[in-house]
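I have placed the structure first, in the form of structure tokens, so that the comments after it can refer back to it.
The structure presented is a predicted model; accordingly, all values stated were derived computationally and were not measured. So you know, we letter chains A, B, ... as the sequences are listed, proteins then strands, and number each from 1. Hydrogens, waters and symmetry mates play no part in the numbers below; they use all other heavy atoms, side chains included.
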Amino acid sequence: MIRLYDTARGEVRDLSLRTPGQVSMYVCGPTVDNLPHLGHGRFTLVWDVARRWFTFQGLSVHYVMNITDVDDKIITRARRESRSETDVAAEFEAQWWDAMDRLGVVRPDDSPHATDYVPEMVELIASFVERDVAYVTSDGVYFDVATVPDYGLLAGQPLGSLRAGARVEENDEKRSPLDFALWKNVKPDEPSWPAPFGEGRPGWHTECVVMSLGLLGEGFDLHCGGLDLKFPHHENERAQAEAAHRAFARHWAHNGWVMVGDDKMSKSLGNFTSLTDLLEKTDPRAYRLLVLRSHYRSPIDISPSSIADAERALERLDALARRFDLPELGGDHFELASSQPWAEESLELYERVVAYMNDDLNTPLAVAGLFDALSAANASADEGHLASARRLAQAINSLFGAMGLALLASSHPIDEAAGQLVRERDAARAAGNWADADRLRQELVVRGWIVEDGVSGTVIRRP
RNA sequence: GGCGGCGUGGCCGAGCGGUUAGGCAGGGGCCUGCAAAGCCCCGUACUCCGGUUCGAAUCCGGACGCCGCCUCCA
């Protein structure tokens, strides 16, 4: 049984599925107004790991992540750069998928665009207006939060205790400062759609309700996102579903954020680091390993030194892959736990990892267990128990693969010249000619190879 | 003002009453012609003050410090 923290209840509980064996999950995706930042990287990695784990455990997963392609910031950027909103959105969506591919994040089964669902949103908003849970003002349509009795559930606070509108723009037409915009009336030069309550564009909170229910159906299993979406975004989604009398997410799950020093990384603080930038400079697996090494609900600090730390750890993992010539997993490979030959050597490890992962995705403990096993596999091989060590190494590879982390054995192909140097060096070593052997090693090093002497001779690889 | 989280060894980071977390860095050793890789050993930490308990990093109370949400944000 998989257990997961449910934000709505404030406790870890059994993941109770609408349909046994099938997980429907909706993850709040990016607004494509800029390059993805580290925070985007974390949430996609966290939920990618969850999705992979569910799949590995034999569940069939329907994974939906939206793309918000109509938004104030997109419009602002388009104005500033004198181009169309669709152009801006297309550019940054392409950047988004590029970053996701490099991170090794599996593509969602569906990635709906807000602009493709406007008629459905209009219909929903119209029904709210009709039933007076929403009202029209001079600048748009607002949802009346007072009509939802348990508004504030996700915030963990009743409506009355929310410090309503302390820093929100004054708007005398709103019945409550907490009321949120469902629809924004058209302004000159802005994208807009027709609606019975006036030409305009949808507010942010409606798209996710319409798209999640549209693609996953009522009472879908899991609604995920960054902790900062808990309130008000997710609360507002929930409020709309309540108002529409449609069963919404059975579980709510939120990941912690990325910190920069002691502060949260955020757009408003302007202290965000581009994910695209990070991925160009470092092994993308390093970020995944950092995410795995901390709990998904804890904040993580991403810095050059923590990345470097992870890259060093990856070297040790790759050394295992080289030693046992392990196949590369991760990427779009989806293995199933049930298809693995959990041999005597690996069964305990497997059961340990399963116990950790199924307990609210405790990846740090799982990773710790895998590193323990890594030492054990190497030690076992050092003692000459090669077949047994290999089975354990294969299990380690499978389990890291289940979390989307690839162990890489292969490096660059060895060119003719390097191969010749290797042969010469082996001959020199066989002859006990250490001076030549050292000289030939140096030549290989100069050519960018890492030289290691194995039992069967010189082995070279790229760093 | 309301609500929530956090303070762990050089750094990162688990932990949910008692058994080694783990990683990185550092020291020692084994192996090796020398290296590299690998393995073994080593740090004995938990903001502070009380309390509960045979026993607390872990529970309770208090203090101090830090962060976040209540507003666009993953």
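- One side chain, A/T68 or A/E207, offers a donor N or O that lies under 3.5 Å from an acceptor on the other.
- Only the C1' atoms considered, B/G9 is 8 Å distant from B/U44, to the nearest whole Å.
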Applying the Watson-Crick and G-U criteria (both distances under 3.5 angstrom) with [ ] for crossing and | for other-strand pairs, one obtains for RNA chain B ((((((((.[[[..)..(...]]].(((((.......)))))....[[[[[..)....]]]]])))))))....

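- Rounded to whole Å, the distance from CH2 on A/W257 to C1' on B/C72 is 13 Å.
- For the atom pair OG1 of A/T7 and NE2 of A/H234, the computed distance is 9.0 Å after rounding to the nearest 0.5 Å.
- Non-hydrogen atoms lying under 4.0 Å from RNA chain B are contributed by A/K73, all within residues 69-80 of chain A.
- A/R323 meets the side chain to side chain donor-acceptor pair (under 3.5 Å) test with A/N378, A/D382; sequence neighbours excluded.
- Applying the 4.0 Å criterion to OP1 and OP2 of B/A74, one finds that A/N255 has every side-chain N and O outside that range.
- Ring to ring, A/Y26 and A/Y63 are not that close: their centroids are 6.0 angstrom or more apart.
- If you take CZ of A/F324 and P of B/A37, they are 17 Å apart, rounded to a whole angstrom.
- Checked against ring-ring contact (aromatic ring centres under 6.0 Å, His included), A/H113 has no partners two or more places apart in sequence or in another chain.
- Going from the P atom of B/C64 to that of B/C49 covers 15 Å, rounded to whole Å.
- A/L229 places its CG atom 17 Å from the C1' atom of B/G4, with the value rounded to the nearest Å.
- Residue contacts for A/G256: at a heavy-atom cut-off of 4.0 Å it reaches a base atom on one of the strands shown.
- Within 3.5 Å, a donor on the side chain of A/D453 pairs with an acceptor on the base of B/C34, or the reverse.
- Judged by distance alone, the side chain of A/D101 and the main-chain N or O of A/D98 form no donor-acceptor pair under 3.5 Å.
- A donor-acceptor pair is defined here as one N or O able to donate and one able to accept, closer than 3.5 Å; no such pair exists between the side chain of A/D6 and the backbone of A/H251.
- The existence of a salt bridge linking A/R285 and A/D318 is confirmed by a sub-4.0 Å separation between a basic side-chain nitrogen and an acidic carboxylate oxygen.
- A straight line from CG of A/N378 to P of B/A36 spans 17 Å, rounded to a whole angstrom.
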Which letters describe nucleotides 11-22 of chain B, given B = protein heavy atom under 4.0 Å from base, S = only from sugar-phosphate, - = neither?
--SSS-----BS

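- At a threshold of 4.0 angstrom between heavy atoms, the contacts of A/R312 are confined to the sugar-phosphate backbone, with no base atom among them.
- Among the nucleotides B/C70, B/G38, B/G2, the one closest to the side chain of A/Q157 is B/G2.
- With respect to the salt-bridge test (charged N to carboxylate O, under 4.0 angstrom), the residues A/K174 and A/D179 do not qualify.
- For the pair A/E235 CD and B/G4 C1', the interatomic distance rounds to 14 Å; values are reported in whole Å.
- A donor and an acceptor atom, one from each side chain of A/R316 and A/S375, are located under 3.5 Å apart.
- Exactly one of A/N358, A/L222, A/D221, A/D14 qualifies for a side-chain contact (heavy atoms from CB on, under 4.5 Å) with A/L4. That residue is A/L222.
- What separates CD of A/E237 from P of B/A74 is a distance of 13 Å, to the nearest Å.
- Remark: C1' of B/A36 and CZ of A/R323 are 13 Å apart, rounded to the nearest angstrom.
- Of the residues in residues 418-443 of chain A, A/R425, A/R429, A/W434, A/A437, A/D438, A/R441 come within less than 4.0 Å of RNA chain B through at least one heavy atom, sorted by number.
- In this entry the distance linking CD of A/E452 with C1' of B/A36 reads 5 Å, nearest Å.
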